[in-house]
Amino acid sequence: SSRASVPRGSGQESNFIAGGSEYFVVEACEYKRSFLNIVPKIIVITNIDNDHLDYYKDIEDIQSAFREFVQKLPANGIVICNPRDPLLHPVLDHTKAKIIDYTSYPKVTLSVPGTHNILNAQAAQAVADIIGVDENKSFLALSKFKGTWRRFEYKGHMKNGALVYDDYAHHPTEIAATIAAARESFPSKEITVVFQPHLYSRTKLLLDDFAQALSVAEHIIVLDIYAARELNDYSISAEHLVKKISDFNKNVLYIPVFKDIVSTLSKSKGEKDVIVTLGAGDIYKVSENLITL
């Protein structure tokens, strides 16, 4: 799904960067099959998951969209993916394009944490290799990559010593990866996640998955659901998610007001803590308010 690629405050408040080469790189979104408007030569598929279920009927429907996308490739096109992923098998059936396994590329030592970033780097290496970038140059570029806005972005620290990070994760798989990256980076600290659910439909359909993914943090705070493009669905709420999380972890609070979250964390956290704000809405404002204390 699309997200910002440029740090806020850089003077370039956009995820568009105008380059001067012959290549045009797009991070495409499958929502409403919008990526079918693109005519690609190379496709990188990192994974397929059960998202956007307000539009798609089920995972098979999502796979049908990806299969149609892959079939847009010309005979000399290339799909970069993990072909052993069982969810990809129906997507790759009958494609005329060449399939390249990005997991066969060497693992680069990165400046950003997380297994998911190692896999992303391997996929980037595969693309660089195909278009003729020198291997040493691609290794150097990847090793120097410092991350991007709202992807385990270090915001700063509170006066009480707690470290503050922010991440765009709004799907259970993304949340699990982000918390795992935080745990990898700070194995001796306690992790507090502040989560703003995004969309009523997503929260309702993936309620159990959200609860399990979030519950592995030491402490969880949940805000109200960020409606985005949807009308209020009174059959689901943040309180439902809090109750479900409490089945796995009792250290969960429902706090709907930003300033109350900031006040609670300023009183209860210290040098032993890492706070990660999560969500695709305006939750990043909480992280920015935390570091001003």
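Note that the numbering runs from 1 along the sequence shown for the chain. Only heavy atoms go into these numbers, but all of them, side chains included; no hydrogens, no water, no symmetry mates.
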*Go through the steps to decide whether Arg33 and Ser64 satisfy the test side chain to side chain donor-acceptor pair (under 3.5 Å), and finish with yes or no.*
CA-CA 10 Å; Arg33 290 178 161 80; Ser64 73; 2.9 Å; yes

*Residues Leu206, His171; criterion side chain to side chain contact (heavy atoms under 4.5 Å, CB included); working and verdict*: CA-CA 8 Å; Leu206 302 178; His171 183 277; 3.7 Å; yes

*Under the salt bridge (Lys or Arg N to Asp or Glu O under 4.0 Å) rule, what do Asp167 and Arg151 come out as? Steps first, then yes or no, please.*
CA-CA 5 Å; Asp167 197 280; Arg151 281 302 182 191; 3.1 Å; yes

_Check against side chain to side chain contact (heavy atoms under 4.5 Å, CB included), Phe186 and Ile191_ = CA-CA 9 Å; Phe186 305 103; Ile191 298 169; 5.9 Å; no

_Worked check of salt bridge (Lys or Arg N to Asp or Glu O under 4.0 Å) between Arg84 and Asp101_ = CA-CA 9 Å; Arg84 294 177 303 285; Asp101 182 359; 2.5 Å; yes

*Would Val194 and Leu278 count as a side chain to side chain contact (heavy atoms under 4.5 Å, CB included) if you check the C-alpha gap in whole Å, the side-chain angles of each, and the deciding distance to 0.1 Å?*
CA-CA 6 Å; Val194 184; Leu278 296 172; over 6 Å; no

*Passes salt bridge (Lys or Arg N to Asp or Glu O under 4.0 Å), Asp166 versus Lys155? Steps please.*
CA-CA 7 Å; Asp166 177 61; Lys155 303 295 289 189; 5.2 Å; no

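Applying the side chain to side chain contact (heavy atoms under 4.5 Å, CB included) test to His240 and every residue at least two apart in sequence or in another chain returns Ile236, Ser237. Every residue meeting the ring-ring contact (aromatic ring centres under 6.0 Å, His included) condition with His198, not counting sequence neighbours, appears here in chain and number order: His170, Tyr226. Under the side chain to side chain donor-acceptor pair (under 3.5 Å) criterion, Arg67 pairs with no residue at all, not counting sequence neighbours. Partners of Tyr105 by ring-ring contact (aromatic ring centres under 6.0 Å, His included), not counting sequence neighbours: none found. Looking at residues two or more places apart in sequence or on another chain, you find a ring-ring contact (aromatic ring centres under 6.0 Å, His included) between Phe210 and Phe195.
Side-chain atoms of Asn37 come within 3.5 Å of backbone N or O of Ser34 as a donor-acceptor pair. The backbone N or O of Ser143 sits less than 3.5 Å from a side-chain atom of Ser111, completing a donor-acceptor pair.
At a threshold of 4.5 Å between side-chain heavy atoms, the hydrophobic network of Ile, Leu, Val, Met, Phe, Trp and Tyr places Leu92 and Phe35 in one connected group. In the hydrophobic cluster analysis, where Ile, Leu, Val, Met, Phe, Trp and Tyr join through side-chain heavy atoms closer than 4.5 angstrom, Ile78 is grouped apart from Leu73. With hydrophobic clusters built from ILVMFWY side chains whose heavy atoms lie under 4.5 angstrom apart, Ile220 does not share a cluster with Leu253. Residues Leu87 and Leu205 share a single hydrophobic cluster, defined by chaining ILVMFWY side chains whose heavy atoms lie under 4.5 Å apart. Leu290 and Val274 fall into different hydrophobic clusters, where Ile, Leu, Val, Met, Phe, Trp and Tyr are joined by side-chain heavy atoms under 4.5 Å apart, directly or via other members.
Aromatic rings of Tyr31 and Tyr56 (six-membered ring for Trp) have centroids beyond the 6.0 Å cut-off, not under it.
Atom CD1 of Ile59 and atom CG of Leu53 lie 7.5 Å apart (nearest 0.5 Å). Here the straight-line distance linking atom NZ of Lys243 with atom CG of Leu207 works out to 10.0 Å at 0.5 Å rounding. How far OH of Tyr254 is from CG of Leu223: 8.5 Å, rounded to the nearest 0.5 Å. Distance check, rounded to the nearest 0.5 Å: CD1 of Ile99 to CD1 of Ile80 gives 11.5 Å. The distance from the CD1 atom of Ile179 to the CZ atom of Phe152 is 10.5 Å, given to the nearest 0.5 Å. For the atom pair Leu88 CG and Asn47 CG, the distance stands at 8.5 Å (nearest 0.5 Å).
Applying the salt bridge (charged side-chain N to carboxylate O under 4.0 Å, His left out) test to pairs two or more places apart or on separate chains, none has a residue in residues 268-281.
Nearest heavy-atom pair across Lys72 and Pro40 is CB-CD, 4.3 Å. In this structure, Ala227 and Leu199 approach most closely via the heavy-atom pair O-CD2, 3.4 Å. Scanning all heavy atoms of the two residues, the minimum distance from Leu265 to Asn160 falls at O-ND2, 3.6 Å.
Ring geometry, Tyr154 versus Tyr165: the interplanar angle falls from 30° to 60°, so the pair is classed tilted.
Remark: the Ser235 side chain and the Lys204 side chain contain an N/O donor-acceptor pair separated by less than 3.5 Å. No hydrogens or angles considered: a donor-acceptor pair under 3.5 Å links the side chains of Asp282 and Gln196.
In summary, of the residues considered (Asp260, Asp224, Val262, Val286), a side chain to side chain contact (heavy atoms under 4.5 Å, CB included) with Ile255 occurs for Asp260 alone. No option in Asp233, Asp209, Asp51 other than Asp51 meets the salt bridge (Lys or Arg N to Asp or Glu O under 4.0 Å) test with Arg202. Considering Glu230, Arg229, His52 in turn, Glu230 is the only one that fulfils the side chain to side chain donor-acceptor pair (under 3.5 Å) rule with Ser201.
By the 6.0 Å contact criterion, NZ on Lys189 is enclosed, its count of non-hydrogen atoms from other residues, nucleotides or ligands being greater than 12.
Checked for salt-bridge contact, Arg183 and Glu218 meet the test: a charged N lies under 4.0 Å from a carboxylate O.
In this structure, the side chains of Ile130 and Ile100 come closer than 4.5 Å at one or more pairs of heavy atoms. Two residues are said to be in side-chain contact when any heavy atoms from C-beta on lie closer than 4.5 Å; Ile48 and Ile62 meet this criterion.
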